[in-house]
2 protein chains.
Amino acid sequence: MANKKLILQIDFRSGLPIYTQIVNQVQAQIASGILQPDDQLPTVRALAEELRVNFNTVARAYRILDEARIISTQQGRGTFITESLPPKATERLRREALEALTQRYLSEALRLEFSKSEIRQTINDQLKARNEANEPKE
Amino acid sequence: MANKKLILQIDFRSGLPIYTQIVNQVQAQIASGILQPDDQLPTVRALAEELRVNFNTVARAYRILDEARIISTQQGRGTFITESLPPKATERLRREALEALTQRYLSEALRLEFSKSEIRQTINDQLKARNEANEPKE
DNA sequence: AATGCATTGATACATTTAGTACAATTATGG
DNA sequence: CCATAATTGTACTAAATGTATCAATGCATT
């Protein structure tokens, strides 16, 4: 299941940027189940050649999808569909995501035998530092 | 004590090079005492297979650690943790490890648009929960 | 026409993978 | 004990892959 040909139809006259069309169609194929988690996408250069497009354009599309956590681009390795996220981030799912993230962090920190006060201290310091550097909100 | 399984968690999506992640985690585990002088690390090929990574990538990490005198790679024999660093250096490594770990955690959490108070709350809740479950220490 | 912006293209680069060969050490079998 | 094989790290080359940066292009607004 990890090998599957990605078929995209680019309309060069549509007015829509090419990278947007790539983003949309990959998203659609994931939503429809054609593309599944861990599937590997074509390399930026391979897809670019197939679409007769500059590989930077494909890279841009991949970067957008990566930032949206839809795919995972890995330098030197390739590009893969990530585990499917719930389409709607309900409040409960949001909370679960943060709890999972925090649990991984604390498990690792405690495994490395950092004390709870050290952890609290570091968290506070860094949050404070980010306050001063960026928008002091919250 | 010279036999101990090295457990590394590589995040292929983190953007950090794989060899850097290996370096950081080995350093952290030495600083925390999980890995001790004369402990043998997995062979480059064994660790590579476990991490699903090319053995050159592991070799690169080992070479960096070797150049930093943190481990000793010995052709034909294996790689071993060197004698312990001065406590000063160990403490610095420990601190850096926690700061790096925390930074990654906060960056991810903030990127997902969790508020600082949400983060603080979740950290506190989970630390409290771990207190009650295990030995309430510190 | 001029300016500014978004898109695309060109180029150099960092990382990872792959393959091969080699040297040093250790394990094995006679 | 010795010869040989297997293990282990090292070195090197080449190719694949995504990344970063800036230039060129086209288009809209002024």
Side-chain angles (χ1 to χ4, degrees), chain A residues 2-6 8 10-26 38-82, chain B residues 2-6 8-26 38-82 104 107 111:
Chain A
N3 278 335
K4 170 178 329 181
K5 180 146 178 47
L6 178 65
L8 300 183
I10 302 301
D11 180 355
F12 292 97
R13 287 163 300 182
S14 72
L16 271 183
I18 299 167
Y19 70 87
T20 303
Q21 296 185 47
I22 297 175
V23 168
N24 290 342
Q25 292 188 35
V26 170
D38 290 335
D39 279 350
Q40 179 166 14
L41 294 180
T43 70
V44 291
R45 287 173 177 81
L47 183 55
E49 182 176 8
E50 183 177 320
L51 300 180
R52 313 297 189 88
V53 147
N54 189 276
F55 77 87
N56 293 297
T57 303
V58 177
R60 181 169 180 179
Y62 279 9
R63 180 164 49 78
I64 292 171
L65 289 164
D66 182 271
E67 285 168 355
R69 286 307 206 235
I70 292 171
I71 66 178
S72 162
T73 57
Q74 300 170 17
Q75 186 168 343
R77 292 169 57 86
T79 302
F80 306 86
I81 309 288
T82 56
Chain B
N3 275 336
K4 174 177 323 184
K5 181 148 178 47
L6 177 66
L8 299 183
Q9 287 298 331
I10 302 301
D11 181 357
F12 292 104
R13 308 181 352 181
S14 73
L16 277 182
I18 297 168
Y19 70 87
T20 302
Q21 296 185 48
I22 296 174
V23 168
N24 290 345
Q25 292 187 36
V26 169
D38 292 336
D39 279 350
Q40 180 166 13
L41 294 180
T43 69
V44 290
R45 289 171 177 83
L47 183 55
E49 182 176 7
E50 182 177 320
L51 300 180
R52 312 295 194 87
V53 146
N54 191 275
F55 75 88
N56 291 304
T57 303
V58 177
R60 182 171 180 180
Y62 279 10
R63 181 165 48 78
I64 291 171
L65 288 165
D66 183 88
E67 285 167 356
R69 308 301 177 97
I70 292 172
I71 66 177
S72 161
T73 57
Q74 300 171 23
Q75 188 168 335
R77 285 178 33 81
T79 79
F80 304 85
I81 310 290
T82 56
R104 285 198 298 279
S107 295
R111 201 189 61 77

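Residue numbering restarts at 1 for every chain, and letters A, B, ... go by the order of the sequence lines.
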Subject >> Sequence neighbours excluded - salt bridge (charged side-chain N to carboxylate O under 4.0 Å, His left out) pairs with any residue from residues 51-65 of chain B >> reply: B/Arg63-B/Glu67
Original post:
Hey, where on DNA chain C does chain A first and last touch, going 5' to 3'? Cut-off is any atom under 4.0 Å from a heavy atom.
Top reply: C/dT7 to C/dT17
Original post:
Are the side chain of A/Thr82 and the backbone of A/Arg69 linked by a donor-acceptor contact shorter than 3.5 Å?
Top reply: yes
**OP:** Report the distance from atom CD1 of B/Ile18 to atom C1' of D/dG18, rounded to the nearest whole Å.
**Re:** 13 Å
**OP:** Provide the closest heavy-atom pair for A/Phe12 versus A/Val53 in the form atom of the first, atom of the second, distance.
**Re:** CE2-CG2, 3.8 Å
Subject >> Those residues that, when tested against A/Arg77, pass salt bridge (charged side-chain N to carboxylate O under 4.0 Å, His left out) (two or more places apart) >> reply: none
**OP:** Round to the nearest Å and state the distance from A/Glu67 atom CD to D/dT19 atom C1'.
**Re:** 12 Å
Subject >> Heavy-atom protein contacts under 4.0 Å, nucleotides 10-17 of chain D, coded B base, S sugar-phosphate only, - none >> reply: B-B----B
**OP:** Given side-chain contact (heavy atoms from CB on, under 4.5 Å), test A/Leu51 with A/Thr57 step by step and report yes or no.
**Re:** CA-CA 10 Å; A/Leu51 300 180; A/Thr57 303; over 6 Å; no
Original post:
Residues two or more places apart in sequence or in another chain: which of them pass salt bridge (charged side-chain N to carboxylate O under 4.0 Å, His left out) with A/Glu50?
Top reply: A/Lys5
**OP:** Mind checking side chain to side chain donor-acceptor pair (under 3.5 Å) for B/Thr43 and listing every partner two or more places apart, or none if nothing turns up?
**Re:** none
Subject >> Crowding at CD, B/Gln74 (>12 non-hydrogen neighbours, <6.0 Å) >> reply: yes
